[in-house]
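Everything on this sheet refers to the single structure shown next.
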Amino acid sequence: MGMGGQSGEGCSSGNCVKPEARYSWEEIQKHNLKTDKWLVIERKVYNITQWVKCHPGGMRVIGHYAGEDATDAFHAFHPDKNFVRKFLKPLYVGELAENEPSQDRDKNAQQVEDFRALRKTAEDMGLFKSNPAFFIVYLFHILLIEFLAWCTLHYFGTGWIPTILTVLLLTISQAQAGWLQHDFGHLSVFKKSKWNHLIHKFIIGHLKGASANWWNHRHFQHHAKPNIFRKDPDVNMVNVFVLGDTQPVEFGKKRIKYLPYNHQHLYFFLIGPPLLIPIYFTIQIMKTMITRKDWVDLAWSVSYYARFFITFVPFYGVLGSLALLNAVRFIESHWFVWVTQMNHLPMVIDHEKYKDWLETQLAATCNIEPSFFNDWFSGHLNFQIEHHLFPTMPRHNYWKIAPLVRSLCSKYNVTYEEKCLYHGFRDVFRSLKKSGQLWLDAYLHK
């Protein structure tokens, strides 16, 4: 620890003022252990070792920044910063030493400052203020589609054509509810977080049968450290797939072969999109709610299943309704996987490189060109770059900030990638094939 400037020196009238602790980056970076975590926000140093257990966003998302500057992540995730700073005060242990740069690990200070200036511009433009009518209409169209599904069976019976139409309508409503819960989960609709949390639980729990807390703890990690192994759960493929350029070579050199990874671009169609939501997510969500004793989220989830079976058992019986539920989730899973993976899977996937916020997000994300259909189909996640840079920004404002983001990226030669929807889907396949070939080459020859 380095001791620098003091808020007061010596004693006055018998009262001594304790000198303020000053720390070097070298010292701070040592505090990145499981039992010892420090981070820096706006040059202030905080000991979060115990706080991680209480952190509302989950202990891992904040823990991933141990030993680092977390200023931009702090601003990205917390719309009400004054409220959050109340919790930071007891964690304060000192400041960066005066001769230490504000950015760690030789980050481009001007680039970081220009990004923060861009965020300030977005705030001044009112781009973090939502349009309530947009989200009301969006929720109404989801509920209307569900109602049309019931009407289809009520008026036309349970033949093959009405059943297929019902499955498609329910799939659309479920997928769109997934995008809408995402908005509330990111606190991008209401000014007060408590209302976002409440509606989030209603949509993800009552309309989809999932868990808000499970989603928060998982998804915020993805945003904090996208496409970074051991930090982003979305690239933890439990040895079923190898991703990026680094992991396949590491697996190949170590002769790791849980599956024939050189064929992963083919078996992806069998065990990827078809199984993610119906099997993996469903089991993981239920297990998480029960093991963590998250009874509130479990109650919301049970309300979804109760409503679903009350609605459809009169038409199909119990087993038929169960088949209907899984048919909907089977198709929705394809929709979800392709939309979410086309923005990330073809991008850089690697171990931690400690880049600044702008470079970290741009390396891991790409956009799909905007259109009315693409915006609706992906829940505006075709603006993935803007969403990752400003996760609390309401989605209907992404198109307004996009040109300014492009300009900043151009200034610093940071790649801003945008492609058509077809190329987004194609590149998922190609990236899996490329990684599989890298694994095979390393497995056979290195």
Residues in salt bridge (Lys or Arg N to Asp or Glu O under 4.0 Å) contact with R85, at least two apart in sequence or another chain
E42

H265 and N262 have their tightest heavy-atom pair at CE1-O, 3.2 Å

Residue set satisfying salt bridge (Lys or Arg N to Asp or Glu O under 4.0 Å) with D106, at least two apart, ordered chain then number -> none

Looking at Q181 and K208, would you say the former's side chain and the latter's main chain have a donor-acceptor pair under 3.5 Å?
no

Is the H186-W215 ring centre distance short of 6.0 angstrom?
yes

For Y23, does the six-membered ring have the charged nitrogen or CZ of K30 within the cation-pi criterion, i.e. under 6.0 angstrom from the centroid and within 45° of the normal?
no

Pairs touching residues 417-426 that satisfy salt bridge (Lys or Arg N to Asp or Glu O under 4.0 Å), sequence neighbours left out:
R406-E418, E417-K419, K419-D427

Is the closest side-chain donor-acceptor distance between H217 and R60 under 3.5 Å?
no

I need the full list of salt bridge (Lys or Arg N to Asp or Glu O under 4.0 Å) pairs touching residues 243-263, with sequence neighbours left out, sorted by first then second residue.
D245-K434

Just by distance, with hydrogens left out, do N382 and N374 show a side-chain donor and acceptor under 3.5 Å apart?
no

Contacts of K355 meeting salt bridge (Lys or Arg N to Asp or Glu O under 4.0 Å) (sequence neighbours excluded), chain-then-number -> none

Taking F135 as the fixed residue, which of H182, H396, H200 is the one that meets the ring-ring contact (aromatic ring centres under 6.0 Å, His included) rule?
H396

Indicate yes or no for a side-chain donor-acceptor contact from N227 to the backbone of H344 under 3.5 Å, with no hydrogens or angles considered.
yes

Ring centroids only, cut at 6.0 angstrom: are W195 and F184 within range, meaning strictly under it?
no

Would you check if the side chain of S333 reaches a backbone N or O of I277 as a donor-acceptor pair within less than 3.5 Å?
yes

Sorted by chain and number, sequence neighbours left out, side chain to side chain donor-acceptor pair (under 3.5 Å) with S407 holds for none

Proximity of H263 and Y267 rings by center, below 6.0 Å
no

For residues A442 and P248, report the shortest heavy-atom separation together with the two atoms involved.
CB-O, 4.4 Å

Check for me whether R430 meets the cation-pi criterion with F425, that is, NZ or CZ under 6.0 Å from the six-membered ring centre and within 45 degrees of the ring axis.
no

Between W399 and F383, is the gap from one ring center to the other below 6.0 Å?
no

